[in-house]
Amino acid sequence: MKIIVLTSNKYVRCLEPFAKLFNQFWDPTQDVTVVRYDVPPPILPANFQNYAVGKQPEYTWSEGLIKFLEAMRQELFLLLLEDYFISELVKVNRIRQLYIWMKKNPKVV
């Protein structure tokens, strides 16, 4: 399952605590892609990759997201924001079950 985390230049500082909590309460082996603009993120764990859309003033929020989605070409993914601070263990098996169910039932997506 593909996990995408959106951020802006103003909130890129939230990525470090987000990543720490994600790896503590989710799964530190789960790959996560951070979609950002021109401000580089702090050093993040190895399971976090990042995609730089470009200079933030050149894009609206949706234009930046669309640019990434066109490059990614992923049918299903989980979209999070950098300030979704996870505070308890995530039932990853339930999320995977929903992912499988959506793949089998495309009209649900």
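- In this structure, Cys14 and Phe85 have side chains that are in contact, with non-hydrogen atoms separated by less than 4.5 Å.
- Ring geometry for Tyr59 against Tyr37 counts as tilted: the plane angle lies between 30° and 60°, on a 0 to 90° scale.
- Distance check: Leu76 CG to Met102 CE gives 5.5 Å after rounding to the nearest 0.5 Å.
- Looking at Leu6 and Phe68, their side chains never come closer than 4.5 Å, going by heavy atoms from C-beta outward.
- Linking ILVMFWY side-chain heavy atoms closer than 4.5 Å, directly or via other members, places Ile43 and Val34 in two distinct hydrophobic clusters.
- Rounded to the nearest 0.5 angstrom, Asp27 CG and Ile95 CD1 are separated by 10.5 Å.
- Two different hydrophobic clusters hold Leu98 and Phe25 under the rule that ILVMFWY side chains link at heavy-atom gaps under 4.5 Å.
- Tyr84 and Leu79 get closest at one heavy-atom pair: CE2-O, 4.5 Å.
- Inter-residue side-chain proximity for Trp26 and Val32 is flagged as unmet; no heavy-atom pair is nearer than 4.5 Å.
- Rounded to the nearest 0.5 angstrom, Asn50 CG and Leu44 CG are separated by 7.0 Å.
- Residues Gln24 and Leu21 are in side-chain contact: their nearest non-hydrogen atoms beyond the backbone lie under 4.5 Å apart.
- Between Leu80 and Leu78 the shortest side-chain heavy-atom distance falls below 4.5 Å.
- The CG atom of Leu81 sits 11.0 Å away from the OH atom of Tyr11 when rounded to the nearest 0.5 Å.
- Open room surrounds CD on Glu16; 12 or fewer heavy atoms of other groups in view lie less than 6.0 Å from it.
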### Task
Let me see the working for Ile100 and Lys104 under side chain to side chain contact (heavy atoms under 4.5 Å, CB included), right down to the final yes or no.
CA-CA 6 Å; Ile100 291 166; Lys104 291 179 181 177; 3.8 Å; yes
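- Taken to the nearest 0.5 Å, the CE atom of Met1 stands 12.5 Å off from the CZ atom of Phe77.
- In terms of heavy-atom proximity, Glu82 sits nearest to Ser8 at OE1-N, 3.8 Å.
- Shortest non-hydrogen contact noted between Pro17 and Arg13 is CD-O, 3.6 Å.
- Considering only heavy atoms from C-beta on, Ile4 comes within 4.5 Å of Met72 through its side chain.
- The closest side-chain heavy-atom distance from Phe22 to Ile3 is below 4.5 Å.
- Around atom CD of Gln49, more than 12 heavy atoms belonging to other residues, nucleotides or ligands sit under 6.0 Å away.
- Residues Leu65 and Val35 fail the side-chain proximity criterion, which asks for heavy atoms closer than 4.5 Å.
- Taken to the nearest 0.5 Å, the CG atom of Asn9 stands 11.5 Å off from the NZ atom of Lys55.
- Residues Val12 and Pro41 come closest through the heavy atom pair CG2-CA, 3.6 Å.
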